[in-house]
Amino acid sequence: MNDSTELRPLTTQEFHILVALAERDQHGYGIMQDVAARTGGNLRLGPGTLYGSVKRMLERGLVVELEGRQRPDPQDGDERRRYYRLTPFGRKVAKAEVARLAEMVEQARVYGLAPKRS
Amino acid sequence: MVWRRSAVEIYRALLLAYPAEFRHEYAPEMERLFADRLQSEPRLRVWLETIADLAWSAPKEHLHVAAGDLRYGARTLAKAPAFTAVALLAMAFGIGATTAVFSLVNAVLLRSLPYGDAERLVYVWTPIPRFEGTPREMGPFTADYYDWLRMSRSFSDLALFHQEMFNVPGTEAVVRLGGARVTGNFFQTLQASPAMGRTIGSEDDQPGHEHVAVISERLWRSRFGADPGVLGKMLPLNRESYQVVGVMPAPFVYPHDGDFPYGINGLRATDVWIPLAETAKQKQDRSENPEDGVAIGRLRPGVQWQQAQSEMSAIEARLDPLYPPLFRGWQAYVQPFVESSVGNVRRLLWLLFGAVSLVLLISCSNVANLLAARAAGRTYEMGVRTALGAERVRLVRQMLTEALLLAAGGGALGIVVALGAVRAMVRLNPGEIPRLDETSLDLRVLLFSAGITLVTGLLFGLLPAIAASRVDVSALLKQGTRSIAGTSKRLRSGLIVTEVALAVVLLAGAGLLVRSYLNVLSVDTGFSASTLTMELRLDAKYQTREQRAAIFRDLIGQIRTLPGIQSAGIVTALPLSHHESMTLVEVKGYPNRKDQMTDARSAGGGYFEAMGIRLLAGRFLTDDDAAGKPPVVAVSRSFADLYFRGREAVGGQIRTGSGADSPWYTIVGVVADVRHSSTEQAPKPTFYGTYFERGDSRATLAIRSTLPPDRVTAAVRGAVRRLDPALALEQIRTMEQRVMESNSRRRFQTLVLAVFAAAAVFLALVGLYGLMAYAVKQRTAEVGLRLALGASRGQVLAMVLLQGLGLVAAGLVLGLAAALPLTRVVAAWLYGVKPADPLTFVAVPVMLLVVGLAACAIPAWKATRIDPVTALRYE
């Protein structure tokens with residue numbers, strides 16, 4: 001598999017999807033709600049954007065779709081929903097992205113663009 | 001709830017905006033997500049956000065698919081370099097040739113002229129049909145023009161001008177400049193504004209005020225070094241001085257060659273305009289020899305040229321009786337400007353456009369053929385993809401993307417081809433095609449090539465794509481790859497038949513034109529090709545006939561003494577010089593018709609010897625025939641044949657004009673016919689009088705010499721300078737050059753059509769070869785089996801050849817059936833050949849059969865080399 005650091009940077013949407021899936025396996029609507037909650041309603045993924053991103057993340061091996069038994073209990077009563085799970089590679093990419101962002105914040109801090117660590 | 005269900009249905013319909021593949025994968029999920037949100041969020045907000053999401057993400061998904069297809073397409077094309085190269089070349093040629101021809105059409109027919117709304121400009125000519133053989137485009141007399149101004153209502157402006165060549169002293173030698181004397185409303189009529197200063201106005205158009213000049217941008221650069229302070233400077237023209245008052249912008253050079261017939265031959269641009277400034281007497285002159293000019297008018301808004309025609313006909317009918325009785329019969333002929341300037345070129349351009357479209361069609365079908373062959377080779381790939389769930393639409397889209405990628409490459413190369421072709425065309429000098437020099441690849445041409453690239457891509461991409469996607473998966477899985485290519489094979493055979501048919505049409509057309517051109521080349525012009533000719537015009541200093549005759553007599557006398565000169569003479573209207581000269585003629589002892597016209601020339605010095613015109617009976621005219629002796633003439637063979645059938649022409653008598661008091665001229669010689677108006681037009685009955693009796697102010701020198709033309713020209717220039725340094729020679733050309741010019745348009749169209757036909761045959765050959773090579777490969781097992789069962793190699797060879805030739809034969813039948821009626825289109829350009837020329841219509845099929853045989857030979861030979869054992873194991 002590709003080295004995660006060589007991949008092009010994730011888009012904002014993709015990063016948020018990875019974070020949403022880091023907690024637990026989710027279906028599309030769950031991801032959407034999770035992202036909306038974490039961003040205080042600022043980022044609402046529309047269906048096209050969401051599944052477009054998911055499609056390319058599947059192609060790149062960042063996430064997988066869960067099959068049959070793997071799926072969590074269908075609480076909302078709909079068994080046909082598709083659930084997605086973060087792959088180990090996806091987790092690695094997400095970490096690399098976090099490290100990259102942290103590095104940027106650290107640099108910004110040197111120039112007084114971010115609050116000092118307490 | 002009902003509203004929610006219908007909302008989801010609306011959203012489902014909107015999902016059609018996404019690529020099919022994406023939709024099939026995610027549409028149910030997306031609908032569910034949409035429905036979930038509707039349950040928990042405000043409806044309006046969900047709708048707004050969803051629509052925004054759709055507008056953003058649907059094009060994005062399409063782009064992702066297209067990018068993927070392009071990458072995939074580029075990879076597959078790169079994997080088949082031979083295929084890609086052949087297809088690209090075919091496309092580049094097709095698109096390049098079409099673009100080049102279109103850029104020509106664009107420059108000549110479409111691009112706007114620098115004369116305001118050119119569609120509303122008309123010429124007004126005054127033909128005199130009772131004199132047979134005279135052209136319709138006769139310029140009106142000055143008096144008529146001034147009466148038209150008063151009487152007509154059709155024109156918002158009507159201008160008159162005279163073309164004139166001016167002698168301008170330069171730093172080294174006298175320069176000849178194309179010029180025009182124009183009425184005060186000339187520039188207003190053409191709606192042309194100056195780049196600097198002013199144009200000529202009505203205040204200049206008065207005797208005594210006429211010493212002002214407007215000059216062309218070119219003259220401003222060449223003579224005044226683009227001096228911004230040129231206004232007010234003096235310009236000498238024909239020994240008089242004119243003050244420059246304005247400079248026209250570069251595109252304005254009206255009139256020039258090709259604008260109207262019988263203008264100054266070969267004049268590429270008018271460089272100086274001065275006022276016409278007619279006196280009151282000139283404005284009313286209706287004597288037997290008044291001045292004439294060219295009238296150009298702008299139709300009043302709402303007036304059609306047909307209305308102007310009826311008005312002018314009525315007006316001219318009222319003016320005609322004002323002329324002397326023997327000099328009447330004038331009519332008016334209103335001709336749209338655009339028809340005059342491009343009318344005769346238009347058909348040529350449409351012929352080229354038609355021919356090049358056929359070539360483009362063949363190119364397209366060839367590439368379609370290649371794609372179909374490749375698609376057949378990819379049946380397995382397509383079948384597997386279909387089996388894996390790819391949709392037909394998806395496969396068609398993939399193949400179309402590939403085709404368009406190919407077309408785009410071909411289009412880009414095609415523009416390079418077109419650039420070269422346009423340069424070659426301009427250098428070929430197709431003869432009198434207006435504004436040919438301005439042919440270039442402008443935005444309109446580039447848009448056109450982009451358009452045809454797209455159309456061709458779709459054209460040659462769609463058929464194979466649809467054929468290839470129609471794969472029967474179960475048949476594929478059951479039988480392997482062999483028998484699947486049925487549809488594709490029929491398609492490819494059909495394309496080959498079409499290609500051969502189109503090639504037949506082009507080849508037949510080209511064959512007829514080549515035969516015509518050869519006929520024209522072998523025409524006996526009646527004169528010697530090596531004779532050097534040059535024109536000399538005298539200016540106003542030479543007022544009397546005697547003065548004019550004297551300087552020409554002196555000049556010929558001097559030229560004869562130059563070293564290396566064999567003979568020298570002059571004539572008033574040289575063959576192929578666009579000068580026509582006709583007169584009324586009466587022949588003694590012949591039942592003369594009323595208004596009997598004949599061509600007339602005046603010759604002096606050793607004109608016949610210098611031109612190599614053969615003497616058939618009697619003697620040539622000599623310089624001693626001139627003054628104080630019984631007047632004599634020589635006649636052409638066709639003149640003798642017409643008027644002296646069955647009797648001796650020499651000794652016969654003719655007289656010109658219509659007066660009963662005109663003297664009789666005795667015929668002393670009969671000379672061979674010469675081609676005068678063009679190399680193709682049959683010689684007309686002509687007689688030759690003696691020049692020195694007439695003393696025209698313009699004559700053409702004909703010189704036969706053993707020396708190279710350059711040295712003769714230099715020597716004659718010296719002689720002219722010694723006689724009068726203010727005079728200059730022009731139109732210096734050998735008769736061979738004039739013949740070349742006369743044939744230039746025919747040469748151009750023949751060459752271009754021949755090139756297109758050759759390309760068509762070559763493309764058909766490549767297509768046929770490709771098909772046969774592929775067919776043999778497909779039938780390897782079958783051939784192997786036949787050989788194993790005892791078929792001879794000869795039988796195999798015959799089988800393959802017959803299959804290929806069968807296609808050629810079908811194409812021939814179709815093509816000949818189409819070509820026979822279509823050759824009527826070129827009938828107007830044929831010379832000495834009938835549209836249904838048997839030689840052409842035998843040669844074309846024979847040639848294509850030979851070419852077809854050659855195309856099939858290698859595949860057929862390969863088929864005979866098939867080893868039965870290997871072939872069957874391969875299966």
Side-chain angles (χ1 to χ4, degrees), chain A residues 7-8 10-17 20-21 25-68 71-72 74-85, chain B residues 4 7-69 71-72 388-390 394:
Chain A
L7 282 170
R8 60 176 167 79
L10 296 165
T11 65
T12 313
Q13 292 93 333
E14 287 169 343
F15 183 65
H16 278 291
I17 294 170
L21 290 176
D25 302 342
Q26 297 216 60
H27 54 64
Y29 187 50
I31 296 172
M32 195 224 111
Q33 282 177 313
D34 193 300
V35 172
R38 269 190 293 106
T39 58
N42 280 334
L43 183 66
R44 291 172 181 278
L45 297 173
T49 313
L50 175 66
Y51 285 103
S53 303
V54 166
K55 178 170 181 266
R56 274 177 287 289
M57 289 163 80
L58 282 167
E59 282 165 7
R60 286 163 64 191
L62 300 177
V63 297
V64 287
E65 196 181 321
L66 298 184
E67 323 223 338
R71 303 208 285 199
Q75 292 145 336
D76 41 12
D78 192 344
E79 296 179 356
R80 287 168 299 168
R81 276 184 191 277
R82 296 186 179 188
Y83 280 79
Y84 300 98
R85 171 178 289 172
Chain B
R4 197 188 304 148
V8 171
E9 267 160 26
I10 292 173
Y11 185 58
R12 184 176 300 152
L14 288 176
L15 285 179
L16 285 173
Y18 288 94
E21 226 175 26
F22 184 79
R23 207 168 58 231
H24 285 264
E25 186 72 16
Y26 296 110
E29 290 291 307
M30 290 163 79
E31 280 169 34
R32 197 160 297 130
L33 198 149
F34 178 71
D36 284 345
R37 287 191 65 184
L38 276 181
Q39 231 162 5
S40 55
E41 292 176 52
R43 251 184 288 165
L44 183 67
R45 176 178 173 176
V46 173
W47 266 119
L48 284 178
E49 285 186 7
T50 305
I51 301 252
D53 171 62
L54 183 105
W56 163 251
S57 61
K60 201 171 153 194
E61 290 308 315
H62 276 288
L63 272 180
H64 274 290
V65 174
D69 280 356
R71 268 197 305 276
Y72 185 78
L388 289 177
R394 186 72 198 81

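Residue numbering restarts at 1 for every chain, and letters A, B, ... go by the order of the sequence lines. Values below: every heavy atom of this structure, side chains too, minus hydrogens, waters and symmetry copies.
Residues A:Lys55 and B:Glu21 are not paired through a salt bridge, judged by the lack of any N-O separation under 4.0 Å between the basic side chain and the carboxylate. A salt bridge does not link B:Asp36 with B:Arg32: none of the charged nitrogens is closer than 4.0 Å to a carboxylate oxygen.
Residues of residues 48-57 of chain B lying under 4.5 angstrom from chain A, judged on non-hydrogen atoms, are B:Glu49, B:Thr50, B:Asp53, B:Trp56, B:Ser57 by number.
Checked by atom type and distance alone, the side chain of A:His16 never pairs as donor or acceptor with a backbone atom of A:Ile31 at under 3.5 Å. Remark: side-chain polar atoms of A:Arg56 are paired, donor with acceptor, to backbone N or O of A:Gly52 under 3.5 angstrom. Of the possible polar contacts, none joining the A:Thr49 side chain to the A:Leu45 backbone as a donor-acceptor pair under 3.5 Å is found.
Interface residue B:Glu29: backbone and side-chain heavy atoms are both found under 4.5 Å from chain A. Using a 4.5 Å cut-off between heavy atoms, B:Glu31 does not touch chain A at all. At a 4.5 Å heavy-atom cutoff, B:Arg23 makes no contact with chain A through either its backbone or its side chain.
Under the ring pair (Phe, Tyr, Trp, His ring centres under 6.0 Å) criterion, the residue pairs touching residues 29-54 of chain A are A:Tyr51-B:Tyr26, with sequence neighbours excluded.
Under the 30°/60° scheme for interplanar angles, the aromatic rings of B:Phe34 and B:Tyr11 are found to lie parallel.
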